[in-house]
Asks: 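Sharing a structure below in structure tokens format, with a few things to ask.
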Number of protein chains: 2
Amino acid sequence: MKATRNTTAKTAVLEIFEKSKTALSHSEIQKQLNDVCDRVTIYRILDRLVNDDIVHKISNLDGTVKYAKCNHSNQRVHIHNHAHFSCENCHEITCLENVKPSYIMPHNYKVKEINFTLSGLCPNCLNSNI
Amino acid sequence: MKATRNTTAKTAVLEIFEKSKTALSHSEIQKQLNDVCDRVTIYRILDRLVNDDIVHKISNLDGTVKYAKCNHSNQRVHIHNHAHFSCENCHEITCLENVKPSYIMPHNYKVKEINFTLSGLCPNCLNSNI
DNA sequence: AATTTTATCGCAACAATGTTGCAATTGATA
DNA sequence: TATCAATTGCAACATTGTTGCGATAAAATT
């Protein structure tokens with residue numbers, strides 16, 4: 001595999017992820033980057049980060065795509081099978097690292113990956129009694 | 001609420017859903033429709049069908065959106081909390097009506113809807129030992 | 001059956017998101 | 001510092017989805 005380089009743009013993107021507690025979309029990253037680099041470059045950086053397992057990609061119910069930094073802290077083998085929560089009010093996506101669903105599959109399917117997204121109200125919006 | 005009409009295009013779309021065992025994307029429907037109606041009309045028909053609870057919308061891991069006919073047979077109250085299976089080989093999406101995940105949430109989140117998608121190999125592709 | 005009402009349609013135009021090719025740039029390494 | 005290849009910017013394009021509006025056609029009413 002090819003070596004990935006640490007470029008100005010990539011570092012800037014990583015800093016943004018570091019600061020953010022929630023998952024970010026391409027356009028949100030673009031806004032925060034303030035023309036550090038081209039739109040296309042952000043796509044390519046995100047692709048690389050996903051490939052290098054530094055960031056994971058989350059597709060939402062509403063069709064939007066977001067990215068979040070991976071939390072490798074506890075696991076040797078890195079699998080993204082945790083749940084995500086999507087707030088219908090503030091539209092923030094948070095990783096629920098500890099929520100893992102259990103389920104029973106019909107045999108003759110081979111499951112390799114799961115995506116479990118819950119939506120509703122996040123603690124913040126719930127408290128603002130909306 | 002407004003009354004929905006039975007138009008030629010809507011009937012054609014429903015027939016396609018009837019024939020299909022898997023979920024269909026807008027473009028797949030468009031191909032099968034053979035210019036029965038405009039691209040935009042298909043979007044509007046799908047919106048109406050989702051609204052009328054005749055079809056449900058499925059957002060996939062890869063960002064694609066598909067639609068499938070609802071199976072109301074057993075339930076009075078109709079909830080789409082069943083799982084979907086996405087085959088990484090043939091890219092078909094199937095509803096797993098009977099697979100429902102169980103999970104434990106942190107308190108202070110209010111869950112209203114869940115989306116549970118599994119991916120891997122479907123029975124067909126598994127048998128063709130790929 | 002003709003008329004009326006309004007849901008639906010087609011078309012054009014637009015917006016958002018993502019991709020590709022290619023020449024120029026720049027990070028890493030020797 | 002020179003070299004090599006990963007990365008970038010730009011332009012162009014593809015796909016997906018949305019909106020406004022005048023025309024059309026279901027369905028209800030007369």
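First the proteins, then the strands, lettered A, B, ... as listed; each starts at 1.
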Asks: With side chains defined as the heavy atoms from C-beta onward, is the minimum distance between A:Phe17 and A:Val55 less than 4.5 Å?
Replies: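 Yes, their side chains come closer than 4.5 Å.
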Asks: One thing to verify: whether B:Lys66 and B:Glu28 come together as a salt bridge, which I'm taking to mean a side-chain N less than 4.0 angstrom from a carboxylate O.
Replies: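 Answer for the salt bridge query: yes.
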Asks: In whole Å, what is the span from the CG atom of B:Leu14 to the P atom of C:dT8?
Replies: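 Going from CG in B:Leu14 over to P in C:dT8 covers 13 Å.
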Asks: Could you tell me how far apart B:Lys66 (NZ) and D:dG17 (C1') are, to the nearest whole angstrom?
Replies: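 The distance from NZ of B:Lys66 to C1' of D:dG17 comes to 17 Å, rounded to the nearest Å.
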Asks: Enumerate the protein-to-nucleotides 9-12 of chain D contacts in which both atoms are nitrogen or oxygen and the separation is below 3.5 Å.
Replies:
from   : atom 1 : to      : atom 2 : distance (Å)
D:dG9  : OP2    : A:Asp38 : N      : 2.8
D:dG9  : OP2    : A:Thr41 : OG1    : 2.5
D:dG9  : N7     : A:Arg44 : NH2    : 3.1
D:dG9  : O6     : A:Arg44 : NH2    : 2.7
D:dC10 : N4     : A:Arg44 : NH2    : 3.4

Asks: Can any side-chain N or O of A:Lys100 pair as donor or acceptor with the backbone N or O of A:Glu97 at less than 3.5 Å?
Replies: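 Confirmed, A:Lys100 side chain pairs with A:Glu97 backbone.
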Asks: Please state how far atom CG in B:Leu46 lies from atom C1' in C:dT8, giving the value in whole angstrom units.
Replies: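 After rounding, the gap between these two atoms is 14 Å.
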Asks: With the sugar-phosphate defined as primed atoms, P, OP1 and OP2, and the base as all remaining atoms, what B/S/- string results for nucleotides 25-30 of chain D, 5' to 3', for protein heavy atoms under 4.0 Å?
Replies: BBS---
Asks: Apply side-chain contact (heavy atoms from CB on, under 4.5 Å) to B:Val40 and list each qualifying residue two or more places apart in sequence or on a separate chain.
Replies: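 Residues passing side-chain contact (heavy atoms from CB on, under 4.5 Å) with B:Val40: B:Asp38, B:Arg44.
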Asks: Could you state whether A:Phe116 and B:Met105 fall into the same hydrophobic cluster, counting links through intermediate Ile, Leu, Val, Met, Phe, Trp or Tyr residues with side-chain heavy atoms under 4.5 angstrom apart?
Replies: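 Same cluster.
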Asks: Any chance you could lay out the side chain to side chain contact (heavy atoms under 4.5 Å, CB included) test for A:Ile29 and A:Leu46, step after step, and finish with the verdict?
Replies: CA-CA 10 Å; A:Ile29 294 168; A:Leu46 290 171; 3.9 Å; yes
Asks: How close or far is atom P of C:dG18 from atom CD1 of A:Ile42, stated in whole angstroms?
Replies: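 Atom CD1 in A:Ile42 sits about 11 Å away from atom P in C:dG18.
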Asks: Between B:Tyr103 and A:Leu96, is the side chain to side chain contact (heavy atoms under 4.5 Å, CB included) condition met? List the steps.
Replies: CA-CA 11 Å; B:Tyr103 56 94; A:Leu96 302 169; over 6 Å; no
Asks: Compare every heavy atom of A:Val99 with every heavy atom of B:Ile104, then report the nearest pair and how far apart it is.
Replies: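 Closest approach of B:Ile104 to A:Val99, heavy atoms only: O-CG2, 3.5 Å.
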Asks: Quick one: side-chain contact (heavy atoms from CB on, under 4.5 Å) partners of B:Ser27, sequence neighbours excluded?
Replies: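 Checked B:Ser27 against side-chain contact (heavy atoms from CB on, under 4.5 Å); matches are B:Ser25.
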Asks: Could you tell me the separation between the NZ atom of B:Lys57 and the CG atom of B:Asp47, rounded to the nearest 0.5 Å?
Replies: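 One gets 7.0 Å once the value is rounded to the nearest 0.5 Å.
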Asks: Please report the end-to-end axis angle for the helix from C:dA1-D:dT30 to C:dA30-D:dT1, five pairs per end, rounded to 10 degrees.
Replies: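 The two end axes of the helix from C:dA1-D:dT30 to C:dA30-D:dT1 meet at 30°.
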Asks: Heavy-atom contacts under 4.0 Å between residues 26-34 of chain A and DNA chain D, which residues?
Replies: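 Those residues: none at all.
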Asks: Determine whether B:Val65 and A:Ile93 fall in the same hydrophobic cluster, where Ile, Leu, Val, Met, Phe, Trp and Tyr are linked whenever their side-chain heavy atoms lie under 4.5 Å apart.
Replies: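 No, separate clusters.
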Asks: From OH of A:Tyr43 over to P of D:dT15, roughly how many Å is that when rounded to an integer?
Replies: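 My rounded result for the distance is 16 Å.
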Asks: In whole angstrom, give the distance that lies between atom CZ of A:Arg48 and atom C1' of D:dA6.
Replies: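 Taking atom C1' of D:dA6 as the reference, CZ of A:Arg48 is at 8 Å.
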Asks: Strictly distance-based, threshold 3.5 Å: is any side-chain N or O of A:His26 a donor or acceptor partner for the main-chain N or O of A:Arg39?
Replies: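 Side chain of A:His26 to backbone of A:Arg39: a pair is present.
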Asks: In whole angstroms, how far is the C1' atom of C:dA7 from the NZ atom of B:Lys10?
Replies: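 For the pair B:Lys10 NZ and C:dA7 C1', the rounded distance is 11 Å.
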Asks: To the nearest angstrom, how far is A:Ile45 atom CD1 from D:dT7 atom P?
Replies: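 Roughly 9 Å, once rounded to whole Å.
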Asks: Is the closest side-chain heavy-atom distance between B:Lys21 and B:Thr94 below 4.5 Å?
Replies: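 Of all side-chain heavy-atom pairs linking B:Thr94 with B:Lys21, none is under 4.5 Å.
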